[in-house]
Amino acid sequence: MPHDAYEPAPILEKLPLNIESIACYGYDSILLVGTKQGVLLQYKVQKNKGRGDNKFEVVLDRSTKSFAKKPITQVCKCIFYCTLDLAIKHLASQTINFVSDNVISVHDLASFSLITCVQKSKGANLFAIDKKETGIGVEHYLRIGVASKRKIQLFYWQNKEFHELLQDLSLYDFPHALAWCKDSLCVGFKRDYYIIDSRTGNLKELFPVGSSQPAPMVTHIHDNRLALGRDAMSILINADGDPTQKDPITWSDIPLAMEHNPPYLIAILPKFVEVRTIEPKLMIQNITLPSPKLICQGNGSIYVASQNHVWRLAPLPYSQQIKQLLQCKEFELALTLAELAKDPKDEKAIRIRNIKNLHAFDLFCKGRFDESLMLFAKLGTDPSHVIGLYPNLLPEDYRKKLEYPEKVPAVPGLNDKKGLMPLIEYLTQKRNELMKDADKEMCITAIVEGNVTINSRKQLSQIIDTTLLKCYLQTNVALVAPLLRLKDNNCHVEESERVLKKNEKYPELIILYETKGLHQKALSTLMKQAARPESPLKGHERTVQYLQHLGKDHLQLIFEYAEWVLKQYPEDGLKIFTEDLTETDSLPRNLVLDYLEKIRTDLAIPYLEHIIFERKDHTEEFHNRLVDAYREKVQKLKDTHPGEILVEFLFCQPHSKESGDLAEYKKKLLKFLQKSQYYIPERLLTRFPIDDFHEERAILLGRLGRHEQALHIYIHMLNNLNKALEFCAMNYEKDKDGNKDVYYLLLKMMLRGKVDHGEDHIDGVSRKQMDTALGILQLHANKIDTAKALELLPSTTKLSDILTFLENVMEHQAARRRSNQILKSMLYAENLEVTEHLIHKQAVKVCVTEEDTCGSCKRRIGQSVFCRYANGSLVHYSCFNKDINK
């Protein structure tokens, strides 16, 4: 929709002279009018300060009737091109160029007096002026391109004269349009356009002039581009002649003249003046004026002239234009005007931001979600306001507080991937920004100025993360769990819990509870879901895993929710306390053991086996309790199946599972009593009944050093000599008083034991006992005191019976003597070697002179105490100590 950008105001009406050219300059708007009669007029145009409308006061400053003999076809002021360069402003500010009498002349603006005339430009009908910079802060100068018949002449201005820049460039036709663009000069012929490189003189053909175009038209655009007329179009090119945009500017009719007054392109059409924009390409305004033909500008002033009239196009205030544009939803142009406005910096920034927010909102309403959210992200708009554009993502009571330029329409694709994926990308970016700039003060704005915004970083983070969760549930459920597992996730617990339950995402709900430390809720949910066959959390495995990772700080919670698993699945439930994890290993073992015994007594043994055998726990209490647990288990199995025990031990084949368990646990008990070094035997002995557990009692008695009682059990109660020998082998220590006589005690037990009356015996010792005793003497001769052994033997013992024993003793003594002699000889040889080495070292003579210095501090040794290294180096004794301490 077009809006009013300019308002025409009459400057000169019914001028009695025919206007051929116009130019303006200066902040006071000096207007120059060149006429067909060769008269040059200068007017001063000022706005009436007391009036609010666009009315101007026009004063004729100067009129030169005999300025030229022929029409003044072109007039150009140098000051317009030089105001940016103070170095040449003084040189050129008083000059004005004319094409009159077909020659370029330069005149003083103050008096219109002639400064110079470019004689080489005779025949000129057209010229174009440009400011050229030869270096940064080094030198600036003016240059001019002159079209003279079928040639182009290039001059530069220096010392109030124009000098040739290049040799004349020959052309195939007469130029009708001319304009500079950087170092290029664009020439419009009757049929086509060319680009000339002013540095080399090379020509490049562009494209033909339109068939309906009365004359070529070249207009300089302020961003170093040119607009070339082709029928009712303007094609934009750069300094190389390449088009800069795909589509040309299209006009209502064929333009006769054109000026670029950013952001507007103003063209003189046969019946009116048309105003358009380049980007975006919009038709802004049509201004009806009678027969306009000329247009010029200077310092923002636009003048349009017909044959006898001159109008000034006064731009309407930017604020007024912006208001109209916003109503028409032309945000890009409104933004351009806001950036051009000369408002205070803060006000300008606020206006630009508001326009961009409105633009982003409009893009959203049109379904251009990617562009909209990208713009919101750049603006720093409150993410909650952006989220509020989507239904059902914010709590309704909070969404009602948000204001928007208008009601958000039901845009197609808003609630599917097309709309939600850009939101996910936007929220992810905002989340990263919040995490990255944690200490930076937030600066966020509302879509509608003045609406409430969130200033709490934590609250904003909650909204972002919770919305991300909802978006993932609708687009990609696989991303929900990774989001919830993030250490810095700030999902709102109640809202997240609600949507997860609504979508029946119970595994993700458990992750939410776990990351938020809501373990009671998590375990309660797991217990309920375990019984549901269709639930992804069915069974007890997930509960076991959860409890394994809680650790000692949540011991009571572990005990509370491990109970149902232990009662239904004892083996898996035990893994809660025995898995190889840091958390399970840190649990207080004594409390866990008490708890397991309370829930199920049969769980104590596997738990104790775990901490003792696998975790290498040497606590005496645990070793004692494992012995007690084994003993109680064996006793229980014995009491349950008393008839099968004898068969099991006689034939080594268990008749039932229980009897097999009995053999297994009895074996475990005996092995543990033999191997463990950390239980307390005196405490355990009293717990084993005297009439049972004989072997176990024998092992405990052995640990207490009561070997004679232990051997009595093996020999007289168990009647098992092999076990007795194994006991002796396990407990014998030749250098320990309590243990070095175990074989002697066994021999004594054999020789002084009870004798059956039916057996042959000598001096109270049966032949069987005597043979066994002699066998022990022969095998373990070196472990039994010979004198004590001989005292035990009956007086009637034949020498031949103990000959082998005595031979073994003698061989052992001889071997020991030889070993001692060898050792003595080796020690003597070593002593001789050390003595010789000492004599050799002591024979070394060290002479210290005044020139000898310390190898460490480099000072003279002098009379100080010193040390000598093996390599002969000398150091002070104090330095030697320092080196050692290092």
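Excluded from the calculations below are hydrogen atoms, water molecules and symmetry mates; all remaining heavy atoms, backbone and side chain alike, are included.
- Ring planes of F577 and Y607: perpendicular class, angle over 60° (limits at 30 and 60°).
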As a quick check of understanding, evaluate salt bridge (charged side-chain N to carboxylate O under 4.0 Å, His left out) for E696 and K666, giving each step before the final call.
CA-CA 9 Å; E696 290 83 355; K666 186 171 181 63; 2.9 Å; yes
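- Nearest heavy atom pair, residue N490 against residue D488, reads ND2-O, 3.0 Å.
- With contacts defined as side-chain heavy-atom distances shorter than 4.5 Å, the pair R431/D465 qualifies.
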How far apart are the C-alpha atoms of F672 and I612, what are their side-chain angles, what is the distance that settles it, and do they pass the side chain to side chain contact (heavy atoms under 4.5 Å, CB included) test?
CA-CA 11 Å; F672 186 70; I612 291 173; 4.0 Å; yes
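- Minimum interatomic distance between V452 and D382 (heavy atoms only, all atoms of both residues): O-OD2, 4.4 Å.
- Using a 4.5 Å heavy-atom threshold, the side chains of L566 and L596 count as touching.
- With hydrogens and angles disregarded, no donor-acceptor distance shorter than 3.5 Å links the side chain of D362 to the backbone of L358.
- The existence of a salt bridge linking E494 and R498 is excluded, since no basic side-chain nitrogen approaches an acidic carboxylate oxygen closer than 4.0 Å.
- Atom NZ of K329 is surrounded by 12 or fewer heavy atoms from other residues, nucleotides or ligands within 6.0 Å.
- The two residues E514 and R542 have their closest heavy-atom pair at OE1-NH2, 4.3 Å.
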Dump the intermediate steps for salt bridge (charged side-chain N to carboxylate O under 4.0 Å, His left out) on K598 and D594, then the final yes or no.
CA-CA 6 Å; K598 180 181 177 182; D594 293 341; over 6 Å; no
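- In terms of modelled atom types and a separation under 3.5 Å, the side chain of T466 and the main chain of C491 share no donor-acceptor contact.
- Here the side chain of N739 pairs a donor or acceptor atom with the backbone of N731 at under 3.5 angstrom.
- Closest approach of L512 to S496, counting heavy atoms only: CD2-CB, 3.7 Å.
- Of the possible donor and acceptor atoms, none in the side chain of E508 sits under 3.5 Å from a partner among the backbone N and O of L484.
- Not one N or O on the side chain of T619 forms a donor-acceptor pair closer than 3.5 Å with the backbone of F622.
- Side-chain contact, Q635 with D639: a donor N or O sits under 3.5 Å from an acceptor N or O.
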Can you list the steps and then say if I576 with T584 is a side chain to side chain contact (heavy atoms under 4.5 Å, CB included)?
CA-CA 7 Å; I576 297 170; T584 56; 5.9 Å; no
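- For the pair T336 (side chain) and E332 (backbone), a donor-acceptor distance under 3.5 Å is present.
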Assess whether salt bridge (charged side-chain N to carboxylate O under 4.0 Å, His left out) is satisfied between D585 and K552, documenting all intermediate values.
CA-CA 9 Å; D585 200 40; K552 62 180 179 181; over 6 Å; no
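- Counting heavy atoms from C-beta outward, K638 and F693 have side chains that approach closer than 4.5 Å.
- The side chain to side chain contact (heavy atoms under 4.5 Å, CB included) search around K501 returns E497, L509, Y513, not counting sequence neighbours.
- By the 4.5 Å heavy-atom criterion applied to side chains, K430 and I444 are not counted as neighbours.
- Here the options are I510, T525, V565, the test is side-chain contact (heavy atoms from CB on, under 4.5 Å), and the partner is T543; only V565 passes.
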Go through it in stages, so that I can follow the logic: the residues are K723 and E695, the test is salt bridge (charged side-chain N to carboxylate O under 4.0 Å, His left out), and I'd like the CA-CA distance, side-chain angles, deciding distance and then a yes or no.
CA-CA 9 Å; K723 289 285 186 180; E695 190 172 354; 3.1 Å; yes
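- A donor-acceptor pair is defined here as one N or O able to donate and one able to accept, closer than 3.5 Å; such a pair exists between the side chain of N451 and the backbone of E403.
- To the nearest 0.5 Å, the span separating CG on L335 from CG on N354 amounts to 11.5 Å.
- Annotation: R683, atom CZ; neighbour count of heavy atoms from other residues, nucleotides and ligands within 6.0 Å does not exceed 12.
- For residues 376-401, the set of pairs meeting the ring-ring contact (aromatic ring centres under 6.0 Å, His included) definition, not counting sequence neighbours, comprises F364-Y390.
- A distance-only check finds a donor-acceptor pair linking the side chain of R399 to the backbone of G388 [under 3.5 Å].
- The side-chain heavy atoms of L373 and E425, taken from C-beta on, include no pair separated by under 4.5 Å.
- Within 6.0 Å of the CG atom in N476, the count of heavy atoms belonging to other residues, nucleotides or ligands exceeds 12.
- A search for ring-ring contact (aromatic ring centres under 6.0 Å, His included) contacts involving Y546 returns H519, not counting sequence neighbours.
- In the model, E560 has no side-chain atom that pairs as donor or acceptor with a side-chain atom of Q556 under 3.5 Å.
- Rounded to the nearest 0.5 Å, atoms CG (L479) and CG (L473) are 10.5 Å apart.
- Heavy-atom minimum distance, R532 versus K538: O-CB, 3.2 Å.
- Looking at S676, its side chain never comes within 3.5 Å of a backbone N or O of L673 through a donor-acceptor pair.
- The pair D416-K418 fails the salt-bridge criterion, with no side-chain N (NZ, NE, NH1 or NH2) lying under 4.0 Å from an Asp/Glu carboxylate O.
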Before you tell me yes or no, could you show the steps for H707 and F727 under ring-ring contact (aromatic ring centres under 6.0 Å, His included), namely the whole-Å CA-CA distance, both residues' side-chain angles and the distance that decides it to 0.1 Å?
CA-CA 9 Å; H707 304 300; F727 176 85; 5.7 Å; yes
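- Atom CG of L483 and atom CG of L468 lie 6.0 Å apart (nearest 0.5 Å).
- When all heavy atoms are compared, the tightest approach of L550 to L523 is CD1-CD1, 4.1 Å.
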K516/N489 under side chain to side chain contact (heavy atoms under 4.5 Å, CB included): CA gap, chis, key distance, verdict:
CA-CA 9 Å; K516 298 299 181 182; N489 102 76; 3.7 Å; yes
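- Judged by distance alone, the side chain of S524 and the main-chain N or O of Q520 form no donor-acceptor pair under 3.5 Å.
- For the atom pair NE2 (H610) and CZ (R589), the distance works out to 7.0 Å, reported to the nearest 0.5 Å.
- With a 4.5 Å cut-off on side-chain heavy atoms, L326 and F331 count as touching.
- Around the CD atom of E733, the shell of radius 6.0 Å holds more than 12 heavy atoms that belong to other residues, nucleotides or ligands.
- Y630 pairs with exactly one of E609, K671, R625 by the side-chain hydrogen bond (donor to acceptor under 3.5 Å, both in side chains) rule, that one being E609.
- Contact of the Y595 side chain with the L587 side chain is not registered, since no non-hydrogen atoms from C-beta on lie closer than 4.5 Å.
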Kindly determine whether R697 and L700 satisfy side chain to side chain contact (heavy atoms under 4.5 Å, CB included), including the steps that lead there.
CA-CA 5 Å; R697 286 179 56 82; L700 290 172; 5.5 Å; no
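- The shortest distance between side-chain heavy atoms of Y569 and V544 does not fall below 4.5 Å.
- Around the CE atom of M527, the shell of radius 6.0 Å holds more than 12 heavy atoms that belong to other residues, nucleotides or ligands.
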